[in-house]
Amino acid sequence: MSEIWPTELRVSKDRHRLTVSFDDGASFDLSAELLRVLSPSAEVQGHGPGQRVTVPGKRNVQIISVQPTGNYAVRIGFDDFHDTGIYTWTYLRELGEKGEELFRAYEQELTEKGMSRDKSEKPR
């Protein structure tokens, strides 16, 4: 992709959604749960191949902060105190375009591991 620039980032009043609009007219409504469980942080993604963990119990997570990080990303903070993910414009675009598919894969992982979107437990 060429350079991707957001024109707007807006957190919903209930803090459960982030709308991201781009300069090419594309706009995506991303759930806080999707953003949290697919956080680009090392805590979720690990430090190398095969280290990513499945994070359960985040159905009702809320966004509490969105802070710019240079000209290329934002750091999103959640009410479960997770705030180490740096979401690049490219990653936010990817979540917008592939979010439904990625979320279905996440739900399948939860099922395979006997975990739930509602019950908080240690990620694995």
Side-chain angles (χ1 to χ4, degrees):
M1 276 185 226
S2 60
E3 291 199 25
I4 296 171
W5 292 101
T7 56
E8 179 180 33
L9 291 120
R10 185 174 14 99
V11 177
S12 64
K13 287 183 182 184
D14 67 3
R15 305 190 122 355
H16 288 283
R17 308 202 70 74
L18 176 69
T19 301
V20 184
S21 300
F22 292 93
D23 58 2
D24 65 355
S27 183
F28 303 100
D29 184 40
L30 306 172
S31 74
E33 182 181 15
L34 172 78
L35 292 163
R36 174 59 180 92
V37 301
L38 296 179
S39 170
S41 69
E43 178 185 326
V44 174
Q45 299 300 324
H47 292 282
Q51 293 185 349
R52 189 176 68 75
V53 296
T54 304
V55 181
K58 301 302 177 187
R59 183 188 302 264
N60 294 311
V61 72
Q62 293 181 323
I63 297 166
I64 58 170
S65 66
V66 178
Q67 301 174 348
T69 301
N71 290 331
Y72 68 97
V74 290
R75 179 185 301 259
I76 300 175
F78 299 90
D79 67 349
D80 67 351
F81 304 109
H82 178 77
D83 67 355
T84 58
I86 296 182
Y87 297 76
T88 65
W89 309 142
T90 301
Y91 189 57
L92 288 171
R93 178 72 176 237
E94 180 183 342
L95 290 176
E97 291 175 348
K98 299 178 182 176
E100 289 181 30
E101 173 186 339
L102 294 169
F103 198 77
R104 280 193 301 272
Y106 162 71
E107 289 180 306
Q108 182 64 37
E109 287 176 19
L110 286 175
T111 299
E112 290 169 0
K113 293 180 178 184
M115 301 166 93
S116 163
R117 290 174 60 199
D118 297 306
K119 183 182 176 197
S120 186
E121 58 184 277
K122 185 177 179 177
R124 45 187 157 118

[X] [atom1] to [Y] [atom2] distance, which is reported to the nearest 0.5 Å:
| X | Y | atom1 | atom2 | value |
| --- | --- | --- | --- | --- |
| I63 | R15 | CD1 | CZ | 8.0 Å |
| E94 | I4 | CD | CD1 | 9.5 Å |
| K122 | M115 | NZ | CE | 10.5 Å |
| L18 | S12 | CG | OG | 8.5 Å |
| L9 | S21 | CG | OG | 8.0 Å |
| R59 | D118 | CZ | CG | 4.0 Å |

Closest non-hydrogen atom pair between [X] and [Y], with its separation:
| X | Y | answer |
| --- | --- | --- |
| S116 | P56 | O-CB, 3.4 Å |
| V74 | P68 | CG1-CA, 4.2 Å |
| S39 | H82 | OG-NE2, 2.9 Å |
| V61 | R36 | CG1-CB, 4.0 Å |
| A73 | I86 | CB-CG2, 3.5 Å |

Query raised in the report: Under 6.0 Å from the six-membered ring centre of Y87 and within 45° of its axis: does the NZ or CZ of R75 meet both?
Result: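 Not flagged: R75 not positioned over aromatic ring of Y87.
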
Query raised in the report: Would L95 and F28 show up in the same hydrophobic cluster when neighbours are defined by side-chain heavy atoms closer than 4.5 Å?
Result: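 Same cluster.
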
Query - Verify same cluster id: W89, Y91 (apolar side-chain graph, 4.5 Å) - result: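 Yes, W89 connects to Y91 through the hydrophobic network.
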
For [Y], is there any backbone N or O sitting under 3.5 Å from a side-chain donor or acceptor partner on [X]?
| X | Y | answer |
| --- | --- | --- |
| E121 | G57 | no |
| D79 | Q62 | yes |
| Q51 | G48 | yes |
| S41 | G85 | no |

Count the heavy atoms of every other residue, nucleotide or ligand shown that sit under 6.0 Å from [atom1] of [X], and state whether that count exceeds 12.
| X | atom1 | answer |
| --- | --- | --- |
| N71 | CG | no |
| K113 | NZ | yes |
| R10 | CZ | no |

Answer whether the closest heavy-atom distance between the side chains of [X] and [Y] falls below 4.5 Å.
| X | Y | value |
| --- | --- | --- |
| V44 | V37 | no |
| W5 | F22 | no |
| L35 | F78 | yes |
| E112 | Q108 | yes |
| V20 | S27 | no |
| R117 | K58 | no |

Report task. Output all residues satisfying ring pair (Phe, Tyr, Trp, His ring centres under 6.0 Å) with Y106, sequence neighbours left out; order by chain, then residue number. Result ->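 Residues passing ring pair (Phe, Tyr, Trp, His ring centres under 6.0 Å) with Y106: F103.
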
**Report entry** T90 side chain to T88 side chain, donor-acceptor N/O pair below 3.5 angstrom
**Finding:**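 Side chains of T90 and T88: no pair found under 3.5 Å.
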
Query raised in the report: With distance as the sole criterion, is a donor-acceptor pair present between the side chains of H16 and S31 under 3.5 Å?
Result: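 Judged by distance alone, the side chains do not pair up.
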
Query raised in the report: salt bridge (charged side-chain N to carboxylate O under 4.0 Å, His left out) between R104 and E109: does it pass, once the steps are laid out?
Result: CA-CA 9 Å; R104 280 193 301 272; E109 287 176 19; over 6 Å; no

